[in-house]
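As the structure lists them, so they are numbered: ligands from 1, and atoms in each ligand from 1. As a basis for the values below, the full set of heavy atoms in this structure was taken, side chains included, without hydrogen atoms, waters or symmetry mates.
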Amino acid sequence: MAHDEFAIIEQYFTAIGDSSDDVLLAVGDDAAVVELAPGQQLVISMDTLVGGVHFPVDTNPADIAYKSLAVNLSDLAAMAASPAWFLLSLTLPGNDSRWLSAFASSLRQTADDFKLPLIGGDTCRGELSITVQIAGTVPAGQYVTRQHAKPGDLILVSGELGNAGLGLALKQGRLDLPQDLQTHCLLALNRPQPRLELIPFLREFASAAIDISDGLQGDLAHVLKASHCGAMISRDSIPVNSWIRQQQAYQYALGAGDDYEICCCLPARHRGEIENWNLEHPACRLTVIGEITESGYFLRQGEDLVDLGNAQGYQHFD
Ligand code: ADP
Ligand code: MG
């Protein structure tokens, strides 16, 4: 759709997000040019949402736009990098102006809210797919990876786990929930809050971090593999809503994806910082769920120990 393409870009995807001083050239040339402040490193990530795989094709385009940015912001938060710019690659089945205006206006709103300028992208025709590439900055050496958890470190998670998984089950008619919880879980699914507020905390105290996109069980396994460690976590410590607790439906917290909370590891000497954090950030509480060990991966469940050693998150190629 060569002709349409330029019209679409011009109509919907120019001047999105703050035009900050560090953007020398944005949408419209062969490439974008940005200025990196001295002493900063660039942290880059990309996530694709495919219609029918990551979201039902009839999902509200405003929610799709929000989420395509939110999941990328969450990756940068997990690296302790401050989001700076993004690019958008859009594959569209056609030129559906209703869909495009709803998508673009939500993208604009979200980009404004997060002060994130859109500096370029690509537009083509095909099955609906949205790829966002995000770039952020971090003072040299202060990024946090999955690699440096050590035995004795505390394992923490932010917020509550399992709500997005419940939201999806609800939407797919696999589950019924009390009314107030329905709204809460659908919001968690459609409007996950990237935990950007944790960036300074992670830079200062965390030995390792990951964002929980595929479920705690599998995502923590990635940290353990990268750090060559084990873990012991306690099921009853996992922060969940009262319904999951009552129904003992912890599989939503452990195995369902899309929560976009942060799981991080903290040398035990920083334990006191957790309480300080929670006093100041009641909307982004950190909860200790266990400890890094030398080896093995276990869930304590009352008297029982469940071996999570073969844990897998959601896998696209199963
Ligand atoms: P090229 O032919 O050089 O690949 P394009 O025609 O794909 O260039 O894009 C023209 C300009 O529009 C580029 O600056 C590109 O970054 C930008 N662009 C294309 N699609 C999008 C989009 N969906 N969102 C933002 N910018 C886009
Ligand atoms: Mg192109």
Legend entry - Polar contact flag for Ile119 and ligand 1 (N/O pairs, less than 3.5 Å):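 In this structure, Ile119 places no N or O atom under 3.5 Å from an N or O of ligand 1.
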Legend entry - ligand 1 to Ala26 polar contact by distance, N or O atoms, under 3.5 Å: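 No: no nitrogen or oxygen of Ala26 is under 3.5 Å from one in ligand 1.
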Indicate whether any N or O donor in one side chain lies under 3.5 Å from an N or O acceptor in the other, for [X] and [Y].
X	Y	result
Ser89	Asp122	no
Thr110	Arg191	no
Asn163	Glu160	yes

Using a strict 4.0 Å cut-off to heavy atoms of [X], name the atoms of ligand 1 that fall inside it.
X	value
Asp30	3 (O)
Glu5	5 (P), 6 (O), 7 (O)
Leu118	24 (N), 25 (C)

Inset, instruction - Check each heavy atom of Thr123 against ligand 1 and say whether those closer than 4.0 Å belong to the side chain, the backbone, both or neither. - result: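 Both parts.
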Inset, instruction - Check Ile8 against ligand 1 and report side chain, backbone, both or neither, counting heavy atoms closer than 4.0 Å. - result: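 For Ile8, no heavy atom sits under 4.0 Å from ligand 1.
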Inset, instruction - Indicate yes or no for a side-chain donor-acceptor contact from Asp153 to the backbone of Lys150 under 3.5 Å, with no hydrogens or angles considered. - result: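 A pair under 3.5 Å: yes.
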Inset, instruction - Please verify whether a non-hydrogen atom of Phe6 lies at under 4.0 Å from ligand 1. - result: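 Judged by the 4.0 Å heavy-atom criterion, Phe6 does count as contacting ligand 1.
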Inset, instruction - Take the angle between the ring planes of Tyr66 and Phe114 and call it parallel below 30°, perpendicular above 60°, tilted in between. - result: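 Tyr66 vs Phe114 ring planes: tilted.
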Inset, instruction - Report whether Ile274 and Val223 are members of the same hydrophobic cluster (ILVMFWY, side-chain heavy atoms less than 4.5 Å apart, transitive linking). - result: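 No, separate clusters.
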Legend entry - Among Thr91, Val27, Asp29, closest by any non-hydrogen atom to atom 13 (C) of ligand 1: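 Ranked by closest heavy atom to atom 13 (C) of ligand 1, first place is Asp29.
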Legend entry - Interatomic distance, Gln40 atom CD to Gln142 atom CD [nearest 0.5 angstrom]: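 Between atom CD of Gln40 and atom CD of Gln142 there are 8.5 Å.
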